[in-house]
Amino acid sequence: MRTLRSCAKQGWCELPELPEVETVASELNERLPGRAILGAEILWPGTIAHPSQERFASQIGGERIEQVGRRAKYIVVWLGSGARLLIHLRMTGGLTLEPATAPRSAHLRLAIPLDCHEELRFTDMRKFGRFYLLAPGEEMPLPSFATLGPEPLEDGFTVTVLAERLAARRGTLKAALLDQRLVAGLGNIYVDEALFHAGLHPCRAPQSLRPEEIAALHGAIIIVLRRAVGAKGTTFSDYRTTWGRTGAYQEELSVFRKQGVPCPRCGTPIDRGVVAGRGTHWCPACQR
DNA sequence: CGGACAACCTGGTTGC
DNA sequence: TGCAACCAGGTTGTCC
């Protein structure tokens, strides 16, 4: 119970996964296309992963924003020159669009001044978030980006694809679903929720799943993510959309950080343990 | 190659 | 009361 109680008050409980990144990207895509970028004010140097701080600031100035999208947990901003800006929020990162004169958070790491006296602001208490500015035609410098798995809400994510990838895995089902090479965009919250909806125990061996269990898992991943996108994500404490609003999916969570709470399906108290090095939550009666 | 795990960080909570 | 230890987790890097 200690973790549950303490989490309710802590500020690190924003965990941007696919639904949260999708919400931020789609809102930015409604607000940013056509806007001019004036430069970059870097308050925490580690935020800029590529290229150097100096080149980042000089190259982004004068660009015009064309479109904003998402790949896995990355926000992708297409710029007028053909350059791309990729942003990973990691644990506590958040993007807001605010008047340049609005009060700044103590955790502001990067401000990108735009026309019309507004700023795109990146706030990140724990400093894990990263920005990559890629020249036209340049590839992401991270090898892991090229090996990202299929988008779970697009056509390429089929039961067959999931079955093939699970068949090649050892270790636990939880670890397999957290691996961005297997399927892109899931994190700790939605893996636990999807496993609950599929009725599968997180410690199951991926190779042991029967065809109907794989089909149930495939459907559960899609349903949980779609509903969470519809709710604009999960806010435990600090996660906000670009308008500063909270998500609502925390009200639909079945097991994540619900240890001791009755299972919504059978009433058995939800269990908690560490699987794949992560806090993991499941119903000991419903999940086999 | 895959899997396990430390490191990166902060701040609220715990325990001495 | 004070303060060090602990903990959460997405991803990378290291090791076996």
Side-chain angles (χ1 to χ4, degrees), chain A residues 1-22 24-25 43-50 70-75 86-95 105-110 122-132 140-149 152 164-195 202-207 225 228 233-239 250 253 255-259 272-281:
Chain A
M1 286 301 289
R2 182 182 58 77
T3 304
L4 182 67
R5 209 182 307 118
S6 61
C7 277
K9 294 179 181 175
Q10 290 187 12
W12 44 259
C13 295
E14 41 186 345
L15 314 168
E17 303 180 27
L18 186 151
E20 291 75 24
V21 179
E22 176 66 27
V24 171
L43 293 98
W44 175 253
T47 299
I48 309 303
H50 179 88
R70 177 190 62 77
R71 169 67 172 125
K73 298 174 191 170
Y74 292 87
I75 293 162
L86 274 72
I87 306 166
H88 200 302
L89 305 175
R90 289 283 183 93
M91 310 291 296
T92 58
L95 286 167
S105 161
H107 304 305
L108 184 69
R109 307 302 181 201
L110 176 66
F122 180 67
T123 305
D124 185 22
M125 184 181 76
R126 291 175 68 181
K127 302 178 176 174
F128 283 145
R130 294 291 182 266
F131 280 59
Y132 303 81
M140 269 290 271
L142 291 173
S144 61
F145 192 85
T147 59
L148 285 169
E164 286 172 355
R165 293 177 176 236
L166 287 175
R169 290 291 302 207
R170 294 185 214 172
T172 62
L173 187 54
K174 168 106 180 188
L177 296 177
L178 284 173
D179 191 332
Q180 301 297 295
R181 294 171 296 183
L182 191 126
V183 54
L186 292 174
N188 211 29
I189 297 174
Y190 299 108
V191 167
D192 281 7
E193 291 298 309
L195 287 172
C203 291
R204 284 283 295 275
Q207 295 164 320
L225 290 177
T234 299
T235 297
F236 282 105
S237 175
D238 289 345
Y239 160 74
Q250 63 277 7
L253 293 174
V255 293
F256 190 76
R257 295 206 179 128
K258 298 272 188 184
Q259 57 269 40
R272 182 188 187 278
V274 175
V275 181
R278 296 285 178 267
T280 301
H281 316 74

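Residue numbers start from 1 in every chain, and the chains themselves are labelled A, B, ... in the order their sequence lines are given, proteins ahead of strands.
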**OP:** List for me each residue that meets salt bridge (Lys or Arg N to Asp or Glu O under 4.0 Å) alongside A:Arg71, sequence neighbours excluded, and say none if there are none.
**Re:** A:Glu151
**OP:** Run the ring-centre check on A:Phe145 versus A:Tyr132 and record whether the distance is less than 6.0 Å.
**Re:** no
**OP:** Take A:Tyr132 and A:Phe128, find for each the nucleotide of DNA chain C with the closest heavy atom, and name the residue whose nucleotide sits nearer the 5' end.
**Re:** A:Phe128
Subject >> Partner of A:Arg272 under side-chain contact (heavy atoms from CB on, under 4.5 Å), chosen from A:Arg257, A:Lys258, A:His281 >> reply: A:His281
Phosphate OP1/OP2 of [N] contacted by [X] side-chain N/O (<4.0 Å):
X	N	result
A:Gln180	C:dT11	yes
A:Ser144	C:dT12	yes
A:His88	C:dT11	yes
A:Arg272	C:dA8	yes
A:Lys73	C:dT11	yes
A:Arg169	B:dG3	yes

**OP:** May I ask you to say whether A:Arg90 pairs ionically with A:Asp124, meaning some side-chain N is under 4.0 Å from a carboxylate O?
**Re:** no
Original post:
Nearest to the side chain of A:Lys127, which nucleotide is it out of C:dG10, B:dC9, B:dG2?
Top reply: B:dC9
**OP:** Using the criterion of both pairing distances under 3.5 Å for Watson-Crick and G-U wobble pairs, give all stems of 3 or more consecutive pairs involving DNA chain C.
**Re:** B:2-8 with C:10-16, B:10-16 with C:2-8
Original post:
So what does A:Leu89 touch, heavy atoms closer than 4.0 Å: a base, only the sugar-phosphate, or nothing?
Top reply: nothing
Subject >> Donor-acceptor pair under 3.5 Å, A:Arg278 side chain vs C:dT11 base >> reply: yes
